[in-house]
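Below: one structure, written as structure tokens.
Everything numeric here is computed off the predicted structure, so don't read it as measured data. Each chain gets a letter, A, B and so on, in the order the sequences are listed, and its residues count up from 1.
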There are 2 protein chains.
Amino acid sequence: MTNCKRKRVSFHLPKRRSINPIEVSPNGVNPSTSVGTHTDFPNGIIHMDFPEISHLQPVFTQQEQFQQTRASCALPATDNWPGQYGFSVSFGPQEKPTKSTAWTYSEVKDKLYVNMGTACPVRFHTTHPTQRGTILRCMAVFTKPEYVTEVVKRCLNHSSPGDMTNENHPAPEHLIRCDSPQSHYLIDFNTGRHSVTVPFENPQAGMFYTTYLYKFMCLGSCVGGLNRRPIKIIFTLENEHGLCVGRRSLEVRICACPGRDRRIEEKHFEQQRDHSHKVLGKLLNVQLQRYVMN
Amino acid sequence: MTNCKRKRVSFHLPKRRSINPIEVSPNGVNPSTSVGTHTDFPNGIIHMDFPEISHLQPVFTQQEQFQQTRASCALPATDNWPGQYGFSVSFGPQEKPTKSTAWTYSEVKDKLYVNMGTACPVRFHTTHPTQRGTILRCMAVFTKPEYVTEVVKRCLNHSSPGDMTNENHPAPEHLIRCDSPQSHYLIDFNTGRHSVTVPFENPQAGMFYTTYLYKFMCLGSCVGGLNRRPIKIIFTLENEHGLCVGRRSLEVRICACPGRDRRIEEKHFEQQRDHSHKVLGKLLNVQLQRYVMN
DNA sequence: CAGGCATGCCTG
DNA sequence: CAGGCATGCCTG
Ligand SMILES: [Zn+2]
Ligand SMILES: [Zn+2]
């Protein structure tokens, strides 16, 4: 069991509007020194999405987070863990999954197939009410071990200021957006990883879940971005101290034809399973025969 | 017949090195006013590829160019015209055209199929020696009329400073590069169009052509760049006054499998031709029968 | 290096 | 909206 500390200083907008995170190094370098430039993140360099908003009141929010499942901060935990609030995720009954339906969730694969830029409704269940100040974070990681340390970002094409999707948006480089006026875009100071948070609202009276809308802003095939590398998204419920109190991750494929691709992958999955069964069956048979003969 | 005037002021490097063009508006706006910014071209805005080299001696080179084939400067002429020097283009015998050969030229299609970033040898023939100060320009245009007015550029991914191909290169946004230390990258002040020029060297004694190496720095499929839109390249021979004295254009497809794609397109072409022949044949037959019957 | 898959997108 | 092409790239 290891500790994973994160310190963070954020500037918050006084009003509830789309909020712009500014990450500042702990030694207090003045963000205005890098106004107008866009610096790539790694190692103590200030990252600013919106230099224009440096008039914001600085609010010091220190978060210390203890994660119990990974040795390194750079590798976010992906294990599902309902925790004390019974946190889980579901997807509503989607429209009939045509070839190019905007999104579709596969139970067998536990995988979401979704168009780029589509607002996809995700249901967050809790069995016990969370405390005030609880937030819901969403972060993407590459699934394959060879890429898991690389930060997931949008491709250059889609993150460029000229791209229509970036008009009036505080986080053009973030793959995942949450369609809420209270959403908060962060770049972790230590790991450089992107995430988006919203205040978690407990399910309304008589409801078992609260729905939030998420958008995925690149295709899985985007050159120089995801580049055909599968990703997972990790939803974490975090209390006011930044402690993780629940987690749910699932694979996501952002593509032009979610329906088609789901069908294909489910077929592959079945064939693979059938094949394993056959192999396993043969092995058992051999063992059995040996046993009988001896 | 219309005149198409172009005035241009360029800064030239004193030494023969890769040369950086700086386009200045005729009213003499100081380029240093835009140092450090990269402004998109259109309409009187200064474009600079390399603000760092503003210490260059300014050399005033006024070029007035009369083109006789197009009404608008924005639509470059593409007609082949050997002119008084007997200007033409050819390709040497390439390596056996395997599926993924680096480049291959189709005679039937008069089209070059080439890998991205490959130095492709192009032979420039002249039957009569050109004068001192003659240059060879290469420019790309979209083939289809609906895109012909759009300037051909590299995609954002490939033109970004982080792309390896742009290390130490003066013109990251230019699709076409000429592998010569004397090459010159220009952005036309009026049209915004990119081109690369080299001093034209007459064929060596006993030779009929001079070879230059050209590279194409994006795929035809690059999203936000060529975006699967076919292009032509136009080679123009220009005298010291900027007058066009010869022209040759051909289609180019920049792709991952030049051999395969050439084969496919030639097959299509044949089928199409056969089909037209058949249709034409039938028509003739009908006409003939009518003639005989009357 | 060829076969063929993967995946965005065009066409009917 | 499904069929199927186009085209980069992976695999043997
Ligand atoms: Zn993208
Ligand atoms: Zn490109």
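- A straight line from NZ of B:K267 to C1' of D:dA6 spans 13 Å, rounded to a whole angstrom.
- Atom CG in B:N227 sits roughly 15 Å away from atom C1' in D:dG8 (whole-Å rounding).
- Between the CG atom of B:L219 and the P atom of C:dG8 there is a distance of 16 Å, given to the nearest Å.
- The pair A:D110-A:K232 does not count as a salt bridge, with every side-chain nitrogen at least 4.0 angstrom from each carboxylate oxygen.
- C:dT7 atom P lies 16 Å from atom CZ of A:R263, rounded to whole Å.
- Of the residues B:Y214, B:Y212, B:W81, the one that meets the ring pair (Phe, Tyr, Trp, His ring centres under 6.0 Å) test with B:F235 is B:Y214.
- A close approach under 4.0 Å does occur between a side-chain nitrogen or oxygen of A:S221 and OP1 or OP2 of C:dG8.
- Taking atom CZ of B:R253 as the reference point, atom P of D:dG8 lies 6 Å away to the nearest angstrom.
- For the ring-ring contact (aromatic ring centres under 6.0 Å, His included) test, no residue two or more places apart in sequence or in another chain qualifies with B:F142.
- Counting to the nearest Å, the P atom of D:dA6 and the CG atom of B:D261 are 10 Å from each other.
- Residue contacts shown for A:I264 are absent, as no nucleic acid heavy atom lies under 4.0 Å away.
- One cannot find a donor-acceptor pair under 3.5 Å joining the base of D:dG3 and the side-chain atoms of A:R260.
- Side-chain nitrogen and oxygen atoms of A:R228 include at least one within less than 4.0 Å of the OP1 or OP2 phosphate oxygen of D:dC10.
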Anything under 3.5 Å between a donor and an acceptor, one on a side chain of residues 224-231 of chain B, the other on a protein residue two or more places apart or in another chain? List them.
unit_1: B:R229; atom_1: NE; unit_2: B:L226; atom_2: O; d: 2.9
unit_1: B:R229; atom_1: NH1; unit_2: B:E150; atom_2: OE1; d: 2.9
unit_1: B:R229; atom_1: NH1; unit_2: B:E150; atom_2: OE2; d: 3.3
unit_1: B:R229; atom_1: NH2; unit_2: B:E150; atom_2: OE2; d: 3.0
unit_1: B:R229; atom_1: NH2; unit_2: B:G225; atom_2: O; d: 2.8

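- Per the geometry, CZ belonging to A:R262 stands 16 Å off P belonging to D:dC1, to the nearest Å.
- Atom OH of A:Y113 and atom P of C:dG8 are 13 Å apart (whole Å).
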